[in-house]
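Here is the structure we will look at.
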Amino acid sequence: MKKIILLSLMIIGLWSCKSSAPTSVVSNKADYEAQKILKGSWIMTSVTYPSSEYIKVNAFQLDDAKCFEGSSWKFVANNNSGEMSMSKAGCTSFSSPIKWYINKEGQFVLKLVNAGEKAKKVRDGYVMTFVPQESGNFQLVDKINVGNKPTDVVFQFEKVK
């Protein structure tokens, strides 16, 4: 019994990091119809991944992925801009302008932009799979490597009514 408890404590301390990627290597041919789906305000309702009770995923180089639950996102489809903010208790408070698009391959490309900075000056961004669902919901799915095993991190969004 003690060995299991000690093992669990060691696993809980493991952080798997979401890596950023140069967005210049990703197709920039936009899927305008898919982008229209995102127009408006959204709440990230959940973040799920296998073994989430044992490991923490550092999302967007900011904080534990679970800290993004309840975060607010606004997407402006006609100019691919918007903003996001998070303020969950016990987590880092953060807000940022964003630039984003969905390409023809179904990839959601995101850049967090510092105030006053031009998006083209931001070299790194995040690439996830866009999964449209029934009206008013969508998912972003990130692929991470946990113990040399590909793992999906699913960010679930719901439209603010």
Side-chain angles (χ1 to χ4, degrees), residues 5 7-21 23 26 31 34-77 79-103 105-115 117 119 122 124-161:
I5 292 170
L7 180 59
S8 295
L9 290 175
M10 290 190 312
I11 294 173
I12 288 171
L14 176 68
W15 277 76
S16 176
C17 293
K18 163 79 179 101
S19 60
S20 61
T23 53
V26 177
D31 183 342
Q35 289 180 178
K36 287 180 190 176
I37 295 169
L38 295 190
K39 180 181 176 185
S41 297
W42 299 79
I43 297 288
M44 187 182 296
T45 56
S46 67
V47 179
T48 57
Y49 51 92
S51 300
S52 62
E53 64 275 15
Y54 301 113
I55 62 171
K56 294 182 182 291
V57 174
N58 184 348
F60 309 111
Q61 305 298 316
L62 292 172
D63 209 334
D64 178 17
K66 295 289 188 175
C67 287
F68 284 84
E69 291 176 339
S71 61
S72 300
W73 296 71
K74 181 178 179 183
F75 298 103
V76 180
N79 67 2
N80 302 99
S81 66
E83 56 190 55
M84 64 79 59
S85 64
M86 58 187 257
S87 59
K88 188 173 183 177
C91 298
T92 304
S93 290
F94 180 82
S95 64
S96 176
I98 61 172
K99 283 300 219 179
W100 64 279
Y101 66 92
I102 300 170
N103 66 21
E105 288 77 30
Q107 295 173 311
F108 179 89
V109 181
L110 172 70
K111 288 184 180 183
L112 302 176
V113 183
N114 294 324
E117 188 175 20
V122 178
D124 292 335
Y126 305 92
V127 180
M128 295 166 277
T129 302
F130 172 68
V131 182
Q133 297 178 312
E134 71 226 33
S135 180
N137 293 286
F138 75 92
Q139 294 177 341
L140 295 178
V141 180
D142 188 20
K143 297 269 188 211
I144 64 169
N145 186 355
V146 178
N148 292 326
K149 181 180 173 196
T151 302
D152 287 346
V153 178
V154 180
F155 300 94
Q156 181 70 47
F157 289 80
E158 186 175 302
K159 185 130 183 157
V160 175
K161 303 291 181 199

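A distance-only check finds no donor-acceptor pair linking the side chain of Gln139 to the backbone of Val154 [under 3.5 Å]. Put simply, the side chain of Lys159 never gets that close to the backbone of Leu38: no donor and acceptor are under 3.5 Å apart. Proximity of a side-chain donor or acceptor of Trp100 to a complementary backbone N or O of Ser81 within less than 3.5 Å is detected. Between the side chain of Asn145 and the backbone N or O of Asn148, at least one donor-acceptor pair lies under 3.5 Å.
In this structure, the side-chain contact (heavy atoms from CB on, under 4.5 Å) partners of Ser72, at least two apart in sequence or on a different chain, are Ile43, Ser85. With sequence neighbours excluded, the residues that form a ring pair (Phe, Tyr, Trp, His ring centres under 6.0 Å) with Phe130 are Phe138.
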Subject >> Leu112 and Leu62: CA distance, side-chain angles, deciding distance, side chain to side chain contact (heavy atoms under 4.5 Å, CB included) verdict >> reply: CA-CA 11 Å; Leu112 302 176; Leu62 292 172; 4.0 Å; yes
**OP:** Determine, stepwise, if the pair Ser95 / Met86 fulfils side chain to side chain contact (heavy atoms under 4.5 Å, CB included).
**Re:** CA-CA 6 Å; Ser95 64; Met86 58 187 257; over 6 Å; no
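Aromatic rings of Phe60 and Phe68 (six-membered ring for Trp) have centroids within the 6.0 Å cut-off, being under it.
Residues Val141 and Val153 have side chains not in contact (no heavy-atom distance under 4.5 Å, counting atoms from C-beta outward). Within the 4.5 Å cutoff, the side chain of Phe75 has no heavy atoms near those of the Asn80 side chain. Looking at Gln61 and Tyr126, their side chains come closer than 4.5 Å, going by heavy atoms from C-beta outward. Annotation: side chain of Ile55 is in contact with side chain of Tyr49 (closest heavy-atom distance under 4.5 Å). For the pair Leu140/Val131, no side-chain contact is recorded, criterion being any heavy-atom separation below 4.5 Å from C-beta on. With a 4.5 Å cut-off on side-chain heavy atoms, Phe155 and Met128 count as touching. In this structure the side chain of Met44 reaches within 4.5 angstrom of the side chain of Trp73, judged on heavy atoms. Side-chain atoms of Glu69 and Lys88, non-hydrogen and from C-beta on, do get closer than 4.5 Å to each other.
Taking CG of Asn79 as the reference point, atom CD of Gln35 lies at 10.5 Å (rounded to 0.5 Å). Put simply, CG on Asp63 and OG on Ser93 are 9.5 Å apart, with the number rounded to the nearest 0.5 Å. In this structure, Ser51 OG and Lys56 NZ are separated by 13.5 Å, a value rounded to the nearest 0.5 Å. For the atom pair CG (Asn58) and CD1 (Ile144), the distance works out to 10.0 Å, reported to the nearest 0.5 Å. Note that the OG1 atom of Thr129 and the CG atom of Asp152 stand 8.0 Å from one another [nearest 0.5 Å]. Rounding to the nearest 0.5 Å gives a distance of 8.0 Å between CD of Glu83 and CD1 of Ile98.
Donor-acceptor pairing under 3.5 Å is recorded for the side chains of Gln133 and Gln156.
More than 12 heavy atoms of other residues, nucleotides or ligands shown are found within 6.0 angstrom of NZ on Lys66.
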